[in-house]
Engineer: 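So that we are looking at the same thing, I have put the structure below in structure tokens.
If you're wondering where the values come from, they're calculated on a predicted model, not measured in any experiment. Side chains included, hydrogens not; waters and symmetry mates left out as well; all remaining heavy atoms used. We number each residue from 1, following the sequence as shown.
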Amino acid sequence: MCENLLRQFLLSPPPKSVADDIRQSLLTLTTIESPFPEFPVANPARYVKTLQKQEAGPDILRDLFNVADSFLHCHQSSQAWSLVHILRVVSHSLNFVVKPEGLASVSQLILDTLATVLPDGEDAAYLPAEEMISKHLFEFVESEFRGHVAKTASAEMIHAYQRVKRAALRYEKVLTEDLIPLIHQRSKQRQDHKQLKPWALSFDIHNKAIWLRGLVQQDLKLDNTQNLYHPVDRYGKTVKDRWTTARVEKYLGEYKLAAEQARHCVATLLSDISKQLAPHSLSIVQLATFSNVMRTFLLHTKACKPKHWSLAVDNDSTSRLDLESFFPYWMSAHGAVKNSLTLNDMAVLTGHNMAGKSTTIRSAAVVSLLAAVGFMFPAKRVGFSDIIDGWYLRTGSYDDPAAGLSTFAVEMNDIHIALRDASSHTLVLIDELGKGTETRSGHAIAASVLEYLQAKNIRGIFSTHWHELFFNPAVQLDAMQMISMAVNEEGEPSYKIVAGSCLSSAAYRTAFTLGFNNHIITRAQEIEKAYTKYVEINEQQEYSFTNVMGRVAEESPIYEVHSLTRASHLLSEITQQPLSQIKTVAANMQASIADSQHSVIYVLRTSLGFYYVGETDNIHARVEAHRKIGSKKNCVFIYTLVPLGKSTARKIESTLIKKMTLLGFPLLSADDAKHQHFGSA
């Protein structure tokens, strides 16, 4: 319950006024010196359900008693407990106004109703004096009513307990008179005849009975055994290896009946209590939520206070977001490096590998979110000049094979959502955008996204290793805040944030630290020098991107960058088919069934602008298969027939993928260019 409540606040941050109430409540818990009530974990749905069905057991009633008692404890010193702030948090959680006086009245009713009903001490079952008689029989028979309510809860309950005790005494007495003497007699016989089998009392847990065992049929000829007979089990079958008497069975039945009457008396009393409390179900839900909120706050405070987390928030800060002396939430305040950072717009974060860029971004996200919600956070102080209406954190790399999305495609989809929904009040934190693709396109996309965020007046942190951003004259970074992760004189990361940019990565140092072979690192440095020289020569000659990556056919003047029209021209060029033979299947259309009898090469474009190249012998079925995948639901197709069959279609597919890759088309997968997964979706 407490985890769910905490998750609810973090996933759906409350308004500023409620966050302030949470903060004030936590501040009270960190300073109050009086003893704390239990504040049990409550299950309001279960309480209401069992009360309305008149099935509330002693555990439910004990919970209700503790919940009500905890609330009254706070209500009696409401100012010291900041009760008004806590109840506003409860009202927000329930979306219903909670009135303290009404809850106090219901709490007192619960206490008055249950004070004389709940068991107040040990309620042990009858204990026989004779050692041969198993006490477990009485424990099992009386377990259905013992300890459920107080023995003095009502006059009926007192009489019921007395009846059970009298019946237990009579049952023990008849066992002592009818069966135990036979056991003593048998023991004397065995002193002279060791071969005789001993007799003993046996407790049958399934039938809740005590019977004599060890007799054989010829033993019935002995004195005092004529009254013995085989008992009947709970299914009406004779138990042939056990013996009893009519008196034993009679008084066992009377004892079980008395226990059943006591159980019925308890059930009736609990049902009556449920009827009394059920009309107050709404207040009980509010009390239970109050208990859960308080327990969540207490657990949060106990966990965070020793870590030296803070509640100091400045809502009148001159900066849009000011993080003072913040540190990673998984580290101790004593051992962590603390940083301070002010964000009014987008900040570009650079630094060596393993210098702490990703940690800084995650820490900034956690600190700002916790502070905005009202919880304690790992920092000295957080300042806001305006609210934060959303957090977008993009970090890590992964693909989504089920949706047919590469690592880069997943990354672009995430960024698309952030750019679509972020406002000037949003905090956007992006770690290493564009690293899933090649250098030129990657840094260009990163630069464009960064400029867009800056133009929209969105604050956040944009970490990158794209040093091309600082050398490309087309990139506009002048108005952006530049921060980097500092290193010490030995080149080791200090994990401190400083102003300015870092245009080295310490990649070789990182590889060496992680155990790379020296030969591999030395060879990598040689390759880097050759590449740097090569790029410098080509830049001086103003080589185009296509000249550096490989020769590509000259583009027609009518090509549009990454458009379906351009893809159509490429398909026409490679298949040597006229443009009139390139067919288009719109998002709401199906391919021709007649074309399903031919080999086909096709290109699809998703609604997000990603491309996929494939070949098939049944274009109609392939279109349907692709559109069953969520990311391709509304995709558009272009295709043309390949008269020479599937083998030629595969070669065309590979050639087209390579060419579209070189031209920078965002492909969902380029594996088909290696002839590994022909025609796969």
Engineer: Counting only heavy atoms not in Lys338, do more than 12 sit closer than 6.0 Å to its NZ atom?
Structural biologist: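 Yes, enclosed.
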Engineer: Please confirm whether the backbone N or O of Ser385 pairs with a side-chain atom of Asn315, one donor and one acceptor, at under 3.5 Å?
Structural biologist: no
Engineer: For the pair Asp314 and Arg381, find out whether any cationic side-chain nitrogen is under 4.0 Å from an anionic carboxylate oxygen.
Structural biologist: yes
Engineer: Please report the interatomic distance OG(Ser494) to CG(Asn488), rounded to the nearest 0.5 Å.
Structural biologist: 6.5 Å
Engineer: Could you give the distance from CG (Leu427) to CZ (Phe384), rounded to the nearest 0.5 Å?
Structural biologist: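 That separation rounds to 9.0 Å.
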Engineer: Give, for atom CD of Gln581 and atom CG of Leu571, the distance between the pair rounded to the nearest 0.5 Å.
Structural biologist: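 Spacing of CD (Gln581) from CG (Leu571) equals 11.5 Å.
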Engineer: How many angstroms lie between atom OG1 of Thr359 and atom CE of Met354, to the nearest 0.5 angstrom?
Structural biologist: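 Thr359 OG1 to Met354 CE: 10.0 Å, rounded to 0.5 Å.
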Engineer: Measure from the side-chain N and O atoms of Arg394 to the backbone N and O of Ile430, and report whether any donor-acceptor pair falls under 3.5 Å.
Structural biologist: no
Engineer: Taking atom CE of Met412 as the centre, report whether more than 12 heavy atoms of other residues, nucleotides or ligands fall under 6.0 Å from it.
Structural biologist: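 Atom CE in Met412 is crowded, with more than 12 foreign heavy atoms closer than 6.0 Å.
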Engineer: Let me see the working for Ser368 and Trp391 under side-chain hydrogen bond (donor to acceptor under 3.5 Å, both in side chains), right down to the final yes or no.
Structural biologist: CA-CA 9 Å; Ser368 59; Trp391 284 257; 3.0 Å; yes
Engineer: If you define the side chain from C-beta out and look only at heavy atoms, does anything of Asp322 sit under 4.5 Å from Val382?
Structural biologist: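 The answer is no; the side chains never approach within 4.5 Å.
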Engineer: For a salt bridge (Lys or Arg N to Asp or Glu O under 4.0 Å) with Arg459, tell me which candidate from Asp389, Asp386, Asp345 qualifies.
Structural biologist: Asp386
Engineer: Do Ser332 and Phe327 come within less than 4.5 Å of each other through their side chains, counting heavy atoms only?
Structural biologist: no
Engineer: Do His620 and Asn618 make a side-chain contact, defined as non-hydrogen atoms from C-beta onward lying under 4.5 Å apart?
Structural biologist: yes
Engineer: For the residue pair Tyr602 and Thr640, establish whether any side-chain heavy-atom pair is separated by less than 4.5 Å.
Structural biologist: no
Engineer: Given side chains that start at C-beta, do those of Leu323 and Ser340 come closer than 4.5 Å, heavy atoms only?
Structural biologist: no
Engineer: Evaluate Asp595 against Tyr639 for side-chain hydrogen bond (donor to acceptor under 3.5 Å, both in side chains), listing each step before the verdict.
Structural biologist: CA-CA 10 Å; Asp595 289 341; Tyr639 71 92; 2.6 Å; yes
Engineer: Do Arg362 and Asp431 pass the salt bridge (Lys or Arg N to Asp or Glu O under 4.0 Å) test, and can you show the C-alpha distance, the side-chain angles, and the key distance before you say yes or no?
Structural biologist: CA-CA 9 Å; Arg362 290 188 178 95; Asp431 190 16; 5.4 Å; no
Engineer: Could you go through Lys632 and Ile629, starting from their C-alpha distance and side-chain angles, then the distance that decides it, and tell me whether this counts as side-chain contact (heavy atoms from CB on, under 4.5 Å)?
Structural biologist: CA-CA 5 Å; Lys632 303 176 184 175; Ile629 301 174; 4.2 Å; yes
Engineer: Does the pair Thr439 and Trp466 meet the rule for a side-chain contact (heavy atoms from CB on, under 4.5 Å), with working shown?
Structural biologist: CA-CA 8 Å; Thr439 305; Trp466 292 124; 3.7 Å; yes
Engineer: What pair of heavy atoms forms the shortest contact from Leu343 to Gly460, and how long is it?
Structural biologist: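 Heavy atoms of Leu343 and Gly460 come nearest at CD2-O, 3.7 Å.
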Engineer: Check Glu653 with Arg650, please: is the shortest side-chain N to carboxylate O separation under 4.0 Å?
Structural biologist: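 Looking at Arg650 and Glu653, the cut-off is not met.
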Engineer: Check the pair His467, His443 against ring pair (Phe, Tyr, Trp, His ring centres under 6.0 Å), reporting the backbone distance first and the verdict last.
Structural biologist: CA-CA 8 Å; His467 299 157; His443 97 273; over 10 Å; no
Engineer: Please report the closest heavy-atom contact between Ala447 and Leu469, naming both atoms and the distance.
Structural biologist: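 Ala447 and Leu469 have their closest heavy atoms at CB-CD2, 3.4 Å.
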Engineer: If every non-hydrogen atom of Cys635 is compared with every non-hydrogen atom of Leu604, which pair is closest and at what distance?
Structural biologist: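 Closest approach of Cys635 to Leu604: CB-CD1, 4.1 Å.
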Engineer: Any chance NZ of Lys496 has more than 12 other-residue heavy atoms, nucleotides or ligands included, within less than 6.0 Å?
Structural biologist: yes
Engineer: Is it the case that Lys357 and His465 place a side-chain donor and acceptor less than 3.5 Å from each other?
Structural biologist: yes
Engineer: So, Thr426 side chain and Val428 main chain: donor-acceptor pair closer than 3.5 Å or not?
Structural biologist: no
Engineer: Can you classify the ring geometry of Phe637 versus His626 as parallel (below 30°), tilted (30 to 60°) or perpendicular (above 60°)?
Structural biologist: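 Judged by the thresholds at 30° and 60°, the geometry between Phe637 and His626 is tilted.
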Engineer: Could you go step by step and tell me if Ser424 and Asn457 meet the side-chain hydrogen bond (donor to acceptor under 3.5 Å, both in side chains) rule?
Structural biologist: CA-CA 5 Å; Ser424 59; Asn457 196 29; 5.3 Å; no
Engineer: Is Met482 close to Leu477 at the side-chain level, that is, under 4.5 Å between some pair of heavy atoms?
Structural biologist: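 Yes, side chains in contact.
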Engineer: Looking only at heavy atoms, which two atoms of Ile483 and Ala347 are closest? And how far apart?
Structural biologist: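 That would be CD1-CB, 4.0 Å.
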Engineer: Step by step, work out the side-chain contact (heavy atoms from CB on, under 4.5 Å) result for Val348 and Thr464.
Structural biologist: CA-CA 7 Å; Val348 180; Thr464 184; 4.1 Å; yes
Engineer: Closest heavy-atom contact between Leu349 and Ser484?
Structural biologist: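 Residues Leu349 and Ser484, closest heavy atoms: CD1-CA, 3.9 Å.
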Engineer: I'd like to know if Arg440 and Glu468 make a salt bridge, using a cut-off of under 4.0 Å between side-chain N and carboxylate O.
Structural biologist: no
Engineer: Leu321 vs Thr342, test: side-chain contact (heavy atoms from CB on, under 4.5 Å). Steps then yes/no.
Structural biologist: CA-CA 6 Å; Leu321 178 60; Thr342 297; over 6 Å; no
Engineer: Looking only at heavy atoms, what is the nearest atom pair of Leu10 and Leu370, with distance?
Structural biologist: CD2-CD2, 3.9 Å
Engineer: I'd like to know if the side chain of Thr522 reaches the main chain of Asn518, judged simply by a donor and an acceptor atom lying under 3.5 Å from each other, with no hydrogens or angles considered.
Structural biologist: yes
Engineer: Kindly compute the distance separating CD (Glu411) from NE2 (His416), expressed to the nearest 0.5 Å.
Structural biologist: 14.5 Å
Engineer: Can you find a heavy atom in the side chain of Met485 that is under 4.5 Å from one in the side chain of Ile497?
Structural biologist: yes
Engineer: Give, for atom CZ of Phe408 and atom CD1 of Ile445, the distance between the pair rounded to the nearest 0.5 Å.
Structural biologist: 3.5 Å
Engineer: Under 4.5 Å between any side-chain heavy atoms of Val366 and Phe377, yes or no?
Structural biologist: no
